[in-house]
There are 2 protein chains.
Amino acid sequence: MNNNSTFKEKLRLSGLRPTKQRIEICKFLFNRRDTFHFTVGELSKILRKKNSEKISLATIYNTVHSFKKKGYLKEISINSDKSYFDTNTSDHHHFLDVNTNQLIDLKNNEVRKVSIKKKIPGKKIKSIEVLVKIENDN
Amino acid sequence: MNNNSTFKEKLRLSGLRPTKQRIEICKFLFNRRDTFHFTVGELSKILRKKNSEKISLATIYNTVHSFKKKGYLKEISINSDKSYFDTNTSDHHHFLDVNTNQLIDLKNNEVRKVSIKKKIPGKKIKSIEVLVKIENDN
DNA sequence: ACACTACTTTAGAATCATTATAAAGTAAGT
DNA sequence: ACTTACTTTATAATGATTCTAAAGTAGTGT
Ligand SMILES: [Mn+2]
Ligand SMILES: [Mn+2]
Ligand SMILES: [Zn+2]
Ligand SMILES: [Zn+2]
């Protein structure tokens, strides 16, 4: 279980000053077992309710981008309306429920290994991601 | 090879009036052998150069969305900055060159069948799409 | 404890893709 | 030709994201 002081340490080790805003965001994002998928707007609303002192939207954008750059968050493009972020930074796949717009992680062992038969000269594969759109079964 | 009158017919059959704007857009988008991936902004610029009389950006948005609704175009989300459209409306996969931001089609037989082992109760699979990010090989 | 500096937060403005509005134009049916 | 519903268009509005620049703070050294 992570507490304030371990987050402080981790932030410092990443070259990020442990401000109270960043620590709050860390506590919310990283003290969880399951993956969390979110937009910056959603995160902002949730933190607004949860916390006494508000964190400005600009700071949440800054922080989320810093965390992404440091490799603690991953950006996911499922919809061009807004950007989603993912606390699961490993290479993994997703269900997207088109009725609720909710993302669900698919562990790598829940998808048979994807093998690509085509090669592009001068290019190498960086990542392979599967998006499975699901809908109500009726 | 499609010409103006076949597009007129196809538009009418789809319940869309064959206006000169729609016919121009059809001629540009659908008279081609290979898949074309584009954003509305790009399409607008290209048509501006190609054509004598300009088509307003609003019309291009309207038309692209109509064509999508009728199933003649597919929307692809690879980047939350802007939306991409695809003249290949079949279920298929993509390479995304992260250096150039270019999309390349992967035919279904170029990707070994993706099999999903996990089921979500009450939901059924609508589509399965693979995005393979590639980068310069050096 | 104090001072200094670089980093951070913040409100508000700017940007940019996309969508909405509503007036003028046009296709199709009578 | 007349009518009507559909379409195009300029323009404004929206909304997510980024930028700006001023005020605040963490880390460092004295
Ligand atoms: Mn969309
Ligand atoms: Mn992006
Ligand atoms: Zn995920
Ligand atoms: Zn394609």
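Quantities reported herein were computed from a predicted structural model and do not represent experimental measurements. Order of the sequence lines sets the chain letters (A, B, ...), proteins ahead of strands, with each chain counted from 1.
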It should be established whether [X] places a side-chain nitrogen or oxygen under 4.0 Å from OP1 or OP2 of nucleotide [N].
X: His65(B); N: dT19(C); value: yes
X: Gln21(B); N: dT9(D); value: yes
X: Thr19(A); N: dT9(C); value: yes

Exercise for review: Describe, in one word, how the ring planes of Tyr72(B) and Phe67(B) are oriented to each other, choosing from parallel (under 30°), tilted (30 to 60°) and perpendicular (over 60°).
Suggested key: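 Judged by the thresholds at 30° and 60°, the geometry between Tyr72(B) and Phe67(B) is perpendicular.
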
Review point. Only one of Thr59(B), Val40(B), Thr39(B) clears side-chain contact (heavy atoms from CB on, under 4.5 Å) with Val64(B); which?
Key: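 Filter result, single survivor: Val40(B).
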
Write down the distance between [atom1] ([X]) and [atom2] ([N]), rounded to a whole number of angstrom.
X: Glu24(B); N: dT9(D); atom1: CD; atom2: C1'; result: 17 Å
X: Lys82(A); N: dT14(D); atom1: NZ; atom2: C1'; result: 13 Å
X: Lys69(A); N: dC7(C); atom1: NZ; atom2: P; result: 13 Å
X: Lys20(A); N: dG27(D); atom1: NZ; atom2: P; result: 13 Å
X: Lys68(B); N: dT18(C); atom1: NZ; atom2: P; result: 12 Å
X: Ile23(B); N: dA27(C); atom1: CD1; atom2: C1'; result: 11 Å
X: Asn79(A); N: dA17(C); atom1: CG; atom2: P; result: 17 Å
X: Glu9(B); N: dA27(C); atom1: CD; atom2: C1'; result: 16 Å

Review point. Taking C-beta and beyond as the side chain, do Lys10(A) and Cys26(A) meet within less than 4.5 Å on heavy atoms?
Key: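 With C-beta onward as the side chain, the pair stays apart.
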
Practice item. Measure the shortest side-chain to side-chain distance between Thr35(B) and Asp86(B) over non-hydrogen atoms and say whether it is less than 4.5 angstrom. Key: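 Side chain of Thr35(B) against side chain of Asp86(B), heavy atoms only: contact under 4.5 Å found.
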
Review point. Just checking Ser83(A): base, sugar-phosphate only, or nothing, at a heavy-atom cut-off of under 4.0 Å?
Key: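 Ser83(A): backbone/sugar contact only, no base atoms under 4.0 Å.
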
Check your understanding: If we ignore angles and hydrogens, is there a donor and acceptor under 3.5 Å between the side chains of His37(A) and Asn88(A)?
Key ->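 Absent: no donor and acceptor within the cut-off.
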
Review point. Strictly by modelled atom types, are His92(A) and Asn108(A) linked by a side-chain donor-acceptor pair under 3.5 Å?
Key: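 Short answer, no.
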
Point to revise | Exam field: side chain Lys68(A) to backbone Glu75(A), donor-acceptor pair closer than 3.5 Å | key: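 Pair absent, no side-chain N/O of Lys68(A) close to backbone of Glu75(A).
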
Point to revise | Check: Ser83(B) side chain, Ser80(A) main-chain N or O, donor-acceptor pair, under 3.5 Å | key: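 Not confirmed, Ser83(B) side chain does not pair with Ser80(A) backbone.
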
Exercise for review: Please work out which residues in residues 37-62 of chain A have a non-hydrogen atom less than 4.0 Å from an atom of DNA chain C and list them by number.
Suggested key: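 Heavy-atom contacts with DNA chain C come from Lys54(A), Ile55(A), Ser56(A), Ala58(A), Thr59(A), Asn62(A).
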
Point to revise | Nearest-nucleotide 5' precedence on DNA chain D, Arg22(B) against Asp81(A) | key: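 Going by which nucleotide is closer to the 5' end, it is Arg22(B).
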
Practice item. Under the salt bridge (Lys or Arg N to Asp or Glu O under 4.0 Å) rule, what do Glu42(B) and Lys82(B) come out as? Steps first, then yes or no, please. Key: CA-CA 11 Å; Glu42(B) 288 164 6; Lys82(B) 41 189 129 177; 5.6 Å; no

Point to revise | Residues from residues 10-18 of chain B lying under 4.0 Å of DNA chain D - heavy atoms | key: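 Listed by number, they are Leu16(B), Arg17(B).
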
**Study point:** Heavy-atom closest contact (Lys118(B) atom, Asp105(A) atom, distance)
**Key:**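 So the two residues come closest at NZ-O, 3.6 Å.
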
Check your understanding: Taking the six-membered ring for Trp, are the ring centroids of Phe28(A) and Phe38(A) within less than 6.0 Å of each other?
Key ->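 Ring-ring flag for Phe28(A)/Phe38(A): false, centres at least 6.0 Å apart.
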
Point to revise | Glu24(B) vs Lys27(B), salt bridge (Lys or Arg N to Asp or Glu O under 4.0 Å): CA-CA, chis, key distance, verdict | key: CA-CA 5 Å; Glu24(B) 277 313 307; Lys27(B) 274 168 37 184; 3.3 Å; yes

Point to revise | Dot-bracket summary - DNA chain D, pairs being Watson-Crick or G-U whose distances fall under 3.5 Å, with | when paired to another strand | key: ||||||||||||||||||||||||||||||

